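Remember, it's a predicted structure, so these values are computed and weren't measured experimentally.
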Amino acid sequence: MAQPPLLCDVIDIKESISTSDFVLSLTFCRNPGGTTTGRNEDMGFTVTLADDEEVEQRLYEDAGWKYTPPPPPAPPGYHRFSLVHDEFAGAGFEDGRYAGLRSHPPEGCQPEDWGCFALTCERPKKTLLDAVTSTVAKIRREHGLVMNSMGIEKPQEWLGNDKNGYAAQIVGHLLLLAAHRASLLGYRRKDLIRLLDATGVE
């Protein structure tokens, strides 16, 4: 039976395919009063609590998924993010062109095999975008590689309004992806700047 729509701002949707190829969908949304509502769209189980992590845990348990608590927050002044490089066709994590970056990543970054080369980082700067910018510049300067995304799977799902949170990661991801794809099409820096100027962003 179809469930009535949730009358709140959706902040996340998680999907998984069960062993019987049945897709489970969990929806989370923020209510005006500050509580969070979570619902298993397929089973109809709904829970509303003040603690969004408890909501997620309850839904995971109801769906039979393993729940892994989120890591503790980064220390003050530090930002957590991921950077991905998948420009080389058919190249994976072990590709020789990543040897230098694998053995000498920026301080606070850990190489990861995501089916391509990735780094998970925790680095200090005033804002998340500052931390991403300095890390991308350091990698380009020292290893000649331009990281071309932040590994965000569904950037169209705008979550939160924290300048240093997930929404900021989406912004960084889209900027890196746009710069990479524009260069593949022959566009240059001046073309991208002209487009940004046309939006009136200050």
Side-chain angles (χ1 to χ4, degrees), residues 9-17 23 25 27-29 74 78-202:
D9 294 328
V10 174
I11 57 174
D12 200 3
I13 297 175
K14 300 181 186 297
E15 294 184 340
S16 178
I17 300 178
V23 178
S25 178
T27 300
F28 301 85
C29 68
Y78 281 73
H79 305 277
R80 289 196 183 116
F81 57 92
S82 300
L83 290 170
V84 173
H85 188 277
D86 58 1
E87 182 176 355
F88 304 140
F93 179 78
E94 296 295 339
D95 190 281
R97 288 168 286 192
Y98 299 126
L101 190 50
R102 281 198 307 269
S103 59
H104 296 93
E107 184 175 355
C109 293
Q110 177 68 37
E112 301 279 354
D113 185 350
W114 288 6
C116 57
F117 185 86
L119 293 169
T120 55
C121 302
E122 182 177 287
R123 286 170 58 82
K125 276 293 180 179
K126 183 178 180 180
T127 69
L128 183 138
L129 284 184
D130 286 340
V132 171
T133 299
S134 64
T135 307
V136 169
K138 183 177 180 65
I139 293 170
R140 178 170 175 260
R141 183 173 61 249
E142 297 182 358
H143 301 282
L145 296 171
V146 179
M147 307 304 281
N148 51 30
S149 88
M150 293 181 66
I152 305 296
E153 293 185 357
K154 297 181 179 181
Q156 73 275 16
E157 294 178 0
W158 185 261
L159 309 178
N161 56 6
D162 183 357
K163 186 176 181 179
N164 294 312
Y166 187 69
Q169 292 186 35
I170 293 175
V171 172
H173 171 82
L174 292 173
L175 286 170
L176 289 175
L177 199 60
H180 170 62
R181 295 189 178 180
S183 69
L184 294 179
L185 295 174
Y187 287 109
R188 305 188 66 177
R189 180 179 182 275
K190 64 180 181 181
D191 301 308
L192 300 182
I193 296 298
R194 189 182 305 118
L195 176 57
L196 284 175
D197 286 343
T199 68
V201 63
E202 297 182 358

Distance (rounded to the nearest 0.5 Å) between [X] [atom1] and [Y] [atom2]:
X: Lys163; Y: Thr127; atom1: NZ; atom2: OG1; result: 6.0 Å
X: Leu185; Y: His180; atom1: CG; atom2: NE2; result: 9.5 Å
X: Leu175; Y: Thr133; atom1: CG; atom2: OG1; result: 8.5 Å
X: Leu176; Y: Leu83; atom1: CG; atom2: CG; result: 7.0 Å
X: Asn164; Y: Tyr78; atom1: CG; atom2: OH; result: 15.0 Å
X: Met147; Y: Ser82; atom1: CE; atom2: OG; result: 9.5 Å

According to side-chain hydrogen bond (donor to acceptor under 3.5 Å, both in side chains), who are the partners of Arg140, at least two apart in sequence or on a separate chain?
none
Residues forming a side-chain hydrogen bond (donor to acceptor under 3.5 Å, both in side chains) with Arg181, sequence neighbours excluded:
none
In terms of relative ring orientation, are His85 and Tyr98 parallel, tilted or perpendicular, with 30° and 60° separating the classes?
perpendicular
Identify the two heavy atoms, one from [X] and one from [Y], that lie closest to each other, and give their separation to 0.1 Å.
X: Lys138; Y: Pro106; answer: CD-CB, 4.0 Å
X: Glu112; Y: Thr120; answer: OE2-OG1, 3.3 Å
X: Leu128; Y: Met150; answer: CD2-CE, 4.4 Å
X: Glu122; Y: Ala74; answer: OE1-CB, 4.1 Å
X: Ile139; Y: Leu145; answer: CG2-O, 3.5 Å
X: Pro111; Y: Leu101; answer: CG-O, 4.2 Å

Criterion side chain to side chain contact (heavy atoms under 4.5 Å, CB included) on Asp191 and Arg188, from CA distance to verdict:
CA-CA 5 Å; Asp191 301 308; Arg188 305 188 66 177; 3.8 Å; yes
If you count the non-hydrogen atoms of other residues, nucleotides and ligands that lie under 6.0 Å from CD in Glu107, is the total more than 12?
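No, not enclosed.
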Carefully, step by step, assess Arg97 and Phe117 under the rule side chain to side chain contact (heavy atoms under 4.5 Å, CB included).
CA-CA 10 Å; Arg97 288 168 286 192; Phe117 185 86; over 6 Å; no
Measure from the side-chain N and O atoms of His143 to the backbone N and O of His104, and report whether any donor-acceptor pair falls under 3.5 Å.
yes
Does Arg123 use its side chain to pair, donor to acceptor, with the backbone of Val132 at less than 3.5 Å?
no
For the pair Glu94 and Arg102, evaluate side chain to side chain contact (heavy atoms under 4.5 Å, CB included) and give the outcome as yes or no after the intermediate values.
CA-CA 9 Å; Glu94 296 295 339; Arg102 281 198 307 269; 4.1 Å; yes
Would Thr135 and Phe81 count as a side chain to side chain contact (heavy atoms under 4.5 Å, CB included) here? Give the steps.
CA-CA 10 Å; Thr135 307; Phe81 57 92; 3.5 Å; yes
So, are Asp197 and Arg194 salt-bridged, with charged N and O less than 4.0 Å apart?
no
